[in-house]
Amino acid sequence: QVQLQESGPGLVKPSETLSLTCTVSGGSMSNYYWSWVRQPAGKGLEWIGRIYSSGSTNYNPSLKSRVTMSVDTSKNQFSLKVDSVTAADTAVYYCAREGGTVTVLFYWGQGTLVTVSS
Amino acid sequence: DIQMTQSPSSLSASVGDRVTITCRASQDISNSLTWYQQKPGKAPKVLLYATSRLESEAPSRFSGSGSGTDYTLTISSLQPEDFATYYCQQYYSTPRTFGQGTKVEIK
C-alpha cells in the first residue's frame, strides 16, 4: 500500500520560501503524477500542481509564478517550494498521488500545517 | 480554468435520510468527476470517480450520477460515520479544481 508523508518547517516568515518534501513508501514513483494540495483552516481544497515521475510539471496559474516542484525518484521523494509567502499561504499542505490511468488523487499524505508569520 | 459550483454549502440531516449533493462545472467535463469525503483533521478520501464508479473501500450507499456539466452525489441512507464534508473535483483538465465543499451535519 502506497504511503505518503509530508515534512518541512511548520513556521515560515513572510517573504521567505516555503519548502516541503513528500516521502513515498510502499511503491514505485515511476509513471505516476505526484501532486500538492493545500487547505487553509476552515476552507476548501486548492490544487497547487503536480509533477510526473519524469519531471514534467503542471502548476495552478494562480500560484505558478511562485511555485517550483521537483522529484527525486532515487530517494522516493518529491518537493514543493513556494516563494515570497504571505499569511494567505498559511494552510495544511497535502501531498498526493494520482492513479495510473485514472488521474484521481487516490493516495494522500496526512497533511502538514504551515503557518506564515513573523 | 474550469469552475466547480457545489450545492448546498451545508445541510442538516438525520440518520437514515437520503442526501443529495450537486456539483456543476463551468464546461463539459465528460464525466471526469470525483467525489471526496473529508473528516476533521484528516486527508480527503475518494468515494467515487468517473462520476459513478465506487472506490473499492467506499460503502454502496454512496452513488454518483450525471453527465456534461451537472453531477450528483447521493447517500441513500445516511449513517453516523457519514457526517463529514464532501468535495467534488474535476480531473478533465489542469488546473484541477474543487467544489467549495458541502458540510453534512447532524440534525
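Chain letters run A, B, ... following the sequence lines, proteins first and then strands; every chain starts at 1. Values in this document were obtained by computation on a predicted structure and should not be read as measured data.
- Using a 4.5 Å cut-off between side-chain heavy atoms of Ile, Leu, Val, Met, Phe, Trp and Tyr, with links allowed through other members, A/V104 and A/F78 fall into the same hydrophobic cluster.
- Hydrophobic clustering, with ILVMFWY side chains joined whenever heavy atoms are under 4.5 angstrom apart, keeps A/V102 apart from B/I2.
- If you tally non-hydrogen atom pairs under 4.5 Å between each of A/P61, A/G99, A/A96, A/G109 and chain B, the highest count goes to A/P61.
- In this structure, no portion of A/I48 lies under 4.5 Å from any heavy atom of chain B.
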At a 3.5 Å cut-off, give me the donor-acceptor pairs between chain A and chain B, one pair per line with the distance.
{"residue": "A/Q39", "atom": "OE1", "partner": "B/Q38", "partner atom": "NE2", "Å": "2.8"}
{"residue": "A/Q39", "atom": "NE2", "partner": "B/Q38", "partner atom": "OE1", "Å": "2.9"}
{"residue": "A/Q39", "atom": "NE2", "partner": "B/Y87", "partner atom": "OH", "Å": "3.2"}
{"residue": "A/Y94", "atom": "OH", "partner": "B/Q38", "partner atom": "NE2", "Å": "3.3"}
{"residue": "A/Y94", "atom": "OH", "partner": "B/K42", "partner atom": "O", "Å": "3.2"}
{"residue": "A/T103", "atom": "OG1", "partner": "B/R96", "partner atom": "NH2", "Å": "3.1"}
{"residue": "A/L105", "atom": "N", "partner": "B/Y36", "partner atom": "OH", "Å": "3.3"}

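- Two different hydrophobic clusters hold A/V82 and A/L11 under the rule that ILVMFWY side chains link at heavy-atom gaps under 4.5 Å.
- In the hydrophobic cluster analysis, where Ile, Leu, Val, Met, Phe, Trp and Tyr join through side-chain heavy atoms closer than 4.5 angstrom, B/F98 is grouped together with A/L63.
- Proximity to chain A is absent for every atom of B/P40, based on heavy atoms less than 4.5 angstrom apart.
- No chain of hydrophobic side-chain contacts below 4.5 Å, direct or via other Ile, Leu, Val, Met, Phe, Trp or Tyr residues, connects B/I29 to A/L45.
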